[in-house]
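Working notes for the structure below.
Scope of the values below: all heavy atoms of this structure, side chains included, with no hydrogens, waters or symmetry mates. Each chain gets a letter, A, B and so on, in the order its sequence line appears, and its residues count up from 1. This structure is a prediction, so every number in the text was calculated from the model and none was measured.
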Amino acid sequence: GAVVSQHPSRVICKSGTSVKIECRSLDFQATTMFWYRQFPKQSLMLMATSNEGSKATYEQGVEKDKFLINHASLTLSTLTVTSAHPEDSSFYICSARAFGGGANTEAFFGQGTRLTVV
Amino acid sequence: DAKTTQPPSMDCAEGRAANLPCNHSTISGNEYVYWYRQIHSQGPQYIIHGLKNNETNEMASLIITEDRKSSTLILPHATLRDTAVYYCIAYGGATNKLIFGTGTLLAVQP
């Protein structure tokens, strides 16, 4: 299957600082990327949908000023957690669907980023 | 997008077939049934998807009922490495979002 690379895989930061997570589609162009958050023993929760060249669409309850999403190219989307606090500690996962892919095209997921805010 | 219902957990003996059910009674005509799995602390892995017809690939088979209200994912010869949470998702509605439910924790026993 197609490869989606997420970096870093693990990060520890101090409270109040910002952290950037990168998501790259390595062998295909992705018009749309999705960002999820997962707390221990829970399912994935969709945070936002990132479209290349336009503003991200955030799910209800997700603060767009805290979780900045940029989708500058067809192969790269970034999630920046601004002014991180311990409650932002979580597993963040990105997903990408190929350019022109409709419902019959599978989305592929990155390996996830474990964020710990101390 | 249609909501799906899965049993919270299942056990399967190593080497036997694992049959994971999923109910999606409100699925619409243009929604596909997707299956992903997540092994602990990793990103979800795509398994298979289908619309109406049964599908098979190197990982699994997907059986969709004629009325499309339910489906079954079949892992023909389960191994210990198949222990994971399996998610069934109905996708393709107007919202264009891949929404995860609670999934089924499949435990393959030696």
Side-chain angles (χ1 to χ4, degrees), chain A residues 1-10 21 23-25 28 30-51 54 56-60 62 90-98 100-116, chain B residues 1-9 22 24 27-53 55 57-60 62 64 68 73 84-105 107:
Chain A
V3 178
V4 175
S5 177
Q6 203 172 326
H7 178 80
S9 58
R10 188 179 297 268
I21 302 169
C23 179
R24 294 180 183 274
S25 55
F28 66 99
T31 308
T32 303
M33 290 185 175
F34 305 93
W35 286 95
Y36 296 83
R37 179 169 54 182
Q38 185 175 34
F39 293 108
K41 300 188 184 300
Q42 295 186 21
S43 184
L44 285 77
M45 184 192 78
L46 180 65
M47 299 175 65
T49 302
S50 164
N51 296 296
S54 62
T57 301
Y58 290 81
E59 294 300 301
Q60 189 173 8
V62 178
S90 188
F91 192 52
Y92 292 86
I93 310 167
C94 71
S95 172
R97 172 168 278 112
N104 193 23
T105 302
E106 58 268 36
F108 294 96
F109 286 78
Q111 67 269 42
T113 297
R114 175 76 57 192
L115 170 63
T116 303
Chain B
D1 293 348
K3 178 182 171 61
T4 62
T5 305
Q6 300 175 253
S9 64
C22 178
H24 31 79
I27 196 169
S28 63
N30 61 349
E31 288 182 307
Y32 286 76
V33 178
Y34 274 80
W35 284 84
Y36 286 83
R37 72 180 182 183
Q38 186 179 28
I39 296 170
H40 183 62
S41 296
Q42 297 181 23
Q45 177 189 21
Y46 167 78
I47 301 174
I48 198 168
H49 74 280
L51 183 63
K52 298 179 182 179
N53 300 322
E55 303 287 345
N57 62 20
E58 65 278 4
M59 288 184 68
L62 173 60
I64 303 174
R68 301 210 327 122
L73 178 74
V85 179
Y86 287 76
Y87 295 98
C88 167
I89 303 170
Y91 173 77
T95 58
N96 195 34
K97 300 176 183 177
L98 202 61
I99 303 296
F100 284 76
T102 53
T104 295
L105 174 58

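Closest of all the heavy-atom pairs between A/Gln38 and B/Tyr87 is NE2-OH, 4.0 Å. When every heavy atom of A/Arg97 is checked against every heavy atom of B/Tyr91, the shortest pair comes out as NH1-OH, 3.1 Å.
Counting only distance, with no hydrogens or angles, the side chain of B/Tyr34 and the backbone of A/Ala103 share a donor-acceptor pair below 3.5 Å.
When B/Pro44, B/Gly50, B/Gly43, B/Ser41 are compared by the number of non-hydrogen pairs under 4.5 Å with chain A, B/Pro44 comes out ahead. Per-residue heavy-atom pair counts under 4.5 Å with chain B were compared for A/Ala107, A/Gly112, A/Ser9, and the maximum is reached by A/Ala107.
Taking the ring centroids of B/Phe100 and A/Phe109, they lie under the 6.0 Å cut-off.
The NE2 atom of B/His49 sits 7.0 Å away from atom OG1 of A/Thr105, with the distance rounded to the nearest 0.5 Å. Taken to the nearest 0.5 Å, the NZ atom of A/Lys41 stands 9.5 Å off from the CG atom of B/Leu105.
With a 4.5 angstrom heavy-atom cutoff, A/Leu44 touches chain B via backbone and side-chain atoms both. B/Gln38 touches chain A through its side chain: at least one heavy atom from C-beta onward sits under 4.5 Å away, while N, CA, C and O do not. With a 4.5 Å cut-off on non-hydrogen atoms, A/Gln6 does not touch chain B at all.
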Problem - Steps toward side-chain contact (heavy atoms from CB on, under 4.5 Å) verdict (A/Leu46, B/Leu98) - result: CA-CA 8 Å; A/Leu46 180 65; B/Leu98 202 61; over 6 Å; no
